[in-house]
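What follows is a set of notes on a single structure, which appears directly below.
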Protein chains: 2
Amino acid sequence: MDLNIEKAANALSDRHRLTILQEVARNCNVACGDFERLTGLSQPAVSHHVKILVDAGLLSSDKNGRHVQLSVNKVMMRHLSNFFQQFS
Amino acid sequence: MDLNIEKAANALSDRHRLTILQEVARNCNVACGDFERLTGLSQPAVSHHVKILVDAGLLSSDKNGRHVQLSVNKVMMRHLSNFFQQFS
DNA sequence: TCTATTTATCGAAATATTTCGATTTGTAAA
DNA sequence: TTTACAAATCGAAATATTTCGATAAATAGA
């Protein structure tokens, strides 16, 4: 898990992805399907956005049967917090 | 200065803008012209990227004669640091 | 005022992102 | 094995971003 600020920032630069991240943080028992209701997007679009968040290292993805179990990558969040702290 | 994560993240989602931010943090006596050498971009492209960083609240801009004096917005950086800390 | 310098804006081309419907893949349960 | 469901991939259209050269605006100094 390398800290790629550009990639992480890009992942967070979309309102739907921010919504998804915050929902995963709030409720660790969400599945991708829940994001369709939450964002109003189609299933393929949700899949696309979840992939970007996972690829950027912000979310971790564990396949659990037909569902995907998502969780916030806390190590990455701490790295990002530290990155911004260095400027403040 | 409102904390718009989506906008701030978007501003940081480009390698040239990250370079510019880090150069301003390193040396508070840079002018926009210096970024042309640093990034290899044209002057209009640099102007465009600086504007995005300023509009997102990451950099502050003070006009000083013909030059623009840029500085890192430390309050915004602290807000961003806190935003990520809440997840970690 | 005239000239040089720094930054901003305009217009357009190239590239990237977002989105959907259709389809495929993978898995659980009947 | 067949069916049903969750998620991923494909292909294409719409939209947004990045970039440049040309030009304009603003200002300092001769």
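These values consider heavy atoms only, across backbone and side chains, with no hydrogens, waters or symmetry-generated copies. In what follows, chains are A, B, ... by sequence order, proteins preceding strands, each numbered from 1.
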Expected list for residues 26-33 of chain A: side-chain donor-acceptor pairs under 3.5 angstrom, two or more places apart:
| residue | atom | partner | partner atom | Å |
| --- | --- | --- | --- | --- |
| Arg26(A) | NE | Glu23(A) | OE1 | 3.2 |
| Arg26(A) | NH2 | Glu23(A) | OE2 | 3.1 |
| Asn27(A) | OD1 | Asn29(A) | N | 2.9 |

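- In this structure the side chain of Leu58(B) reaches within 4.5 angstrom of the side chain of Met77(B), judged on heavy atoms.
- Under the side-chain contact (heavy atoms from CB on, under 4.5 Å) test applied with Thr19(B), the options Leu38(B), Asp14(B), Val24(B) reduce to a single match, Leu38(B).
- As a whole-Å value, the separation of Asp34(B) CG from dT5(C) C1' is 14 Å.
- Rounded to a whole Å, the CZ atom of Phe35(A) is 12 Å from the C1' atom of dA7(D).
- Distance, Lys7(A) NZ to dA16(C) P: 15 Å, rounded to whole Å.
- For the pair Glu36(B) CD and dT5(C) P, the computed distance is 14 Å after rounding to whole Å.
- What separates NE2 of His67(A) from C1' of dT25(C) is a distance of 16 Å, to the nearest Å.
- The only member of Ile20(A), Val68(A), Asn73(A) that meets side-chain contact (heavy atoms from CB on, under 4.5 Å) when paired with Leu59(A) is Ile20(A).
- Side chains of Ser81(A) and Ser81(B): a donor-acceptor N/O pair is present below 3.5 angstrom, by distance only.
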In 5'-to-3' order, the base (B), backbone-only (S) or no-contact (-) status of each nucleotide in nucleotides 17-30 of chain D, using a 4.0 angstrom heavy-atom cut-off, is -SBBBB----BB--
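- The CG-C1' distance, from Asp62(A) to dT27(C), rounds to 16 Å in whole Å.
- Taking atom NZ on Lys51(B) and atom P on dA8(C), their separation rounds to 9 Å, with Å as the unit.
- Note on ring orientation: taking the six-membered ring where Trp is involved, the planes of His49(A) and His16(A) are tilted (angle from 30° to 60°).
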